[in-house]
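Right, one structure below, let's go through it.
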Amino acid sequence: MVTKVEKNFKTVQFQTDLLNWYRENKRDLPWRKQATPYHVWVSEIMLQQTRVDTVIPYYEQFMRLFPNMEHLAYAKEEAILKAWEGLGYYSRVRNLQVAVREVVEQYGGVVPRTRKEISTLKGIGPYTAGAILSIAYGQREPAVDGNVMRVLSRILHISDDIRKAATRKKFEECLYELIDPDDPGSFNQGLMELGALICTPTSPSCGVCPVQSHCQAFAVGIQTSLPVKTKKKKPKKVAIASFLLQDEDGHVLIEKRPDQGLLAGLWQLPLVESASDVKAACVERYGEVIAFEKTAGYVKHVFTHLVWEIDLYKGMLRKQDAHMQESHRFVPVADLEQYTFPVSQQKLLSYAFEEGWL
DNA sequence: AAATCGGGGAT
DNA sequence: ATCCCAGATTT
């Protein structure tokens with residue numbers, strides 16, 4: 001067997017120190033009340049790239065709406081998207097439903113217990129597989145997220161770029177040696193909790209760290225220069241013209257986005273990207289527009305890899321003149337809340353309400 | 001290996 | 001402004 005962790009590392013003492021601290025200091029989080037595979041699964045999907053405080057209310061509502069795998073498996077897509085509205089990375093909830101259906105229909109309702117099998121499920125990658133297996137099933141499997149890489153890069157003084165995929169594997173190999181054999185779930189959560197509460201990115205609280213004596217970075221005073229992470233390039237700007245188009249009854253035209261790609265399947269005010277002649281673009285798509293005007297409405301919305309700079313235009317469209325497409329719908333203002341809108345669109349709609357246009 | 005996929009909070 | 005967050009999937 002190849003050893004990844006240095007011989008003089010006091011593994012058992014480290015496990016004890018971490019677990020004692022975790023048991024005393026762990027936060028009282030809703031998904032820790034019931035650690036069934038389904039509860040852990042839902043929480044871990046929501047927590048991907050998303051902060052604990054953001055997730056809590058979504059998690060509680062989601063478990064009320066879909067209390068078990070059968071409920072989620074047979075829920076309508078509109079219902080699961082609505083429950084995810086505002087949380088971001090919407091493919092997560094679609095993948096979750098696909099995977100839950102597979103468990104219900106192919107695995108007899110039992111979440112698979114092996115890394116190999118569970119990893120075939122949509123949306124379950126290396127981290128989530130390890131989290132479910134260790135927390136719900138008590139298996140000695142690593143769960144390497146951003147917290148764990150930061151904590152371990154400091155404790156073990158690992159300087160590999162954590163943005164590279166190979167680096168995550170290196171941490172997993174270390175963890176197969178380090179992980180506590182008696183309580184792997186608490187050990188993994190302890191590492192993450194330590195990263196969230198003590199071993200924070202810019203100003204770690206090393207003075208009160210329960211594993212300070214094990215930390216090689218602290219020993220030489222370089223904890224704040226770890227982990228090493230190459231920075232990524234800035235998002236690209238995209239000019240957007242959004243249209244608030246109402247018919248003679250005051251119904252609003254909304255559009256369903258394609259089922260692939262950015263914000264897939266969510267609803268929005270009709271929009272065009274980088275049009276030189278906005279009114280012409282609007283008329284070409286939807287037919288003759290009355291009282292078309294640019295409003296003072298403007299929304300800047302930042303995604304991970306691009307920035308939408310949205311100008312809001314408004315006008316009236318007669319139902320009989322409108323070029324209607326399958327993806328579009330005129331809806332009464334009171335019905336808007338039934339649809340799932342991304343945050344950028346919620347900002348636009350809020351503005352329209354404030355102006356008294358809706 | 002690099003790009004895509006949301007949104008919010010801390011610094 | 002920049003980084004980070006209990007990452008996974010697609011290209």
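Chain A is the first sequence line, chain B the second, and so forth, proteins listed ahead of strands; every chain is numbered from 1. All values derive from a computational prediction rather than experimental measurement. Below, each value reflects all heavy atoms present in this structure, side chains not excepted, and no hydrogens, waters or symmetry copies.
- With both ends at atom P, the span from dT11(B) to dA6(C) equals 13 Å, rounded to whole Å.
- The residue K233(A) sits close only to the backbone: its heavy atoms come under 4.0 Å of sugar-phosphate atoms, none of a base.
- Judged by distance alone, with hydrogens and angles left aside, R92(A) brings no side-chain donor or acceptor close enough to the base of dC5(B) to form a pair under 3.5 Å.
- Using a 4.5 Å heavy-atom threshold, the side chains of L244(A) and L358(A) count as touching.
- Considering only side-chain atoms of T128(A), the nucleotide from dG7(C), dT10(C), dG8(B) that sits closest is dG7(C).
- As rounded to whole Å, 21 Å separates atom P of dG7(C) from atom CZ of R94(A).
- Per the geometry, CZ belonging to R163(A) stands 13 Å off P belonging to dG7(C), to the nearest Å.
- In this structure, the nucleotide among dG7(B), dG7(C), dA6(C) sitting nearest to the side chain of Q48(A) is dG7(C).
- Here the C1' atom of nucleotide dA8(C) and the CD1 atom of I45(A) are 9 Å apart, to the nearest Å.
- Of the two residues contacting DNA chain B, namely A264(A) and K164(A), the nearest-nucleotide position lying further toward the 5' end is that of K164(A).
- Nearest nucleotide to the side chain of H305(A), out of dG8(B), dA6(C), dT4(B): dT4(B).
- A distance below 6.0 Å separates the ring centres of F303(A) and H301(A).
- Nearest-nucleotide positions on DNA chain C for N147(A) and K300(A) put K300(A) closer to the 5' end.
- Rounded to the nearest Å, the gap between the C1' atom of dC5(C) and that of dA1(B) is 23 Å.
- Considering only side-chain atoms of Y89(A), the nucleotide from dG6(B), dA6(C), dT9(C) that sits closest is dG6(B).
- Contact check on E248(A) versus R318(A) returns no salt bridge, with no Lys/Arg side-chain nitrogen under 4.0 Å from an Asp/Glu carboxylate oxygen.
- Across all strands shown, G195(A) has no heavy atoms under 4.0 Å from either base or sugar-phosphate atoms.
- Less than 6.0 angstrom separates the ring centroid of W357(A) from the ring centroid of Y351(A).
- Residue W31(A) is classed as a base contact, given a heavy-atom separation below 4.0 Å to a base.
- Checking dG6(B), dC4(C), dC3(C) against every side-chain atom of T50(A), the shortest atom distance belongs to dG6(B).
- Going from atom CH2 of W41(A) over to atom P of dA8(C) covers 13 Å, rounded to whole Å.
- In the set dG9(B), dT2(C), dT10(C), the nucleotide with an atom closest to the side chain of K122(A) is dT10(C).
- Figure legend: K319(A) and F330(A) shown as a cation-pi pair, the cationic atom lying under 6.0 angstrom from the six-membered ring centre and within 45 degrees of its axis.
- Here the P atom of nucleotide dG7(C) and the CZ atom of R168(A) are 12 Å apart, to the nearest Å.
- Between the OH atom of Y90(A) and the P atom of dC5(B) there is a distance of 14 Å, given to the nearest Å.
- Straight-line distance from the NZ atom of K234(A) to the C1' atom of dA2(B): 20 Å, rounded to whole Å.
- Counting non-hydrogen atoms under 4.0 angstrom, L306(A) reaches nothing in the nucleic acid.
- Checking dG7(B), dA3(B), dC4(C) against every side-chain atom of P201(A), the shortest atom distance belongs to dC4(C).
- Going from the P atom of dC4(C) to that of dC5(B) covers 22 Å, rounded to whole Å.
- Using a 4.0 Å heavy-atom distance criterion, Y127(A) is classed as a base contact.
- Put simply, the side chain of T304(A) and the base of dG6(B) share a donor and an acceptor less than 3.5 Å apart.
- Separating the C1' atom of dG9(B) from that of dA8(C) is a span of 23 Å, rounded to the nearest Å.
- With sequence neighbours left out, R154(A) forms a side-chain hydrogen bond (donor to acceptor under 3.5 Å, both in side chains) with no residue at all.
- One finds a side-chain N or O of H301(A) lying less than 4.0 angstrom from the OP1 or OP2 phosphate oxygen of dG7(B).
- Taking atom CE of residue M149(A) and atom C1' of nucleotide dC4(C), one finds them 12 Å apart after rounding to whole Å.
- Counting any heavy atom pair closer than 4.0 Å across all strands shown, R32(A) reaches a base atom.
- Comparing dA6(C), dG7(C), dG6(B) by their nearest atom to the side chain of V52(A) picks out dA6(C).
- At a threshold of 4.0 angstrom between heavy atoms, the contacts of I162(A) with the nucleic acid are absent.
- Distance check on atom P: dG8(B) versus dT9(C) gives 24 Å, rounded to whole Å.
- Aromatic pair H323(A)/Y286(A): ring centres not closer than 6.0 Å.
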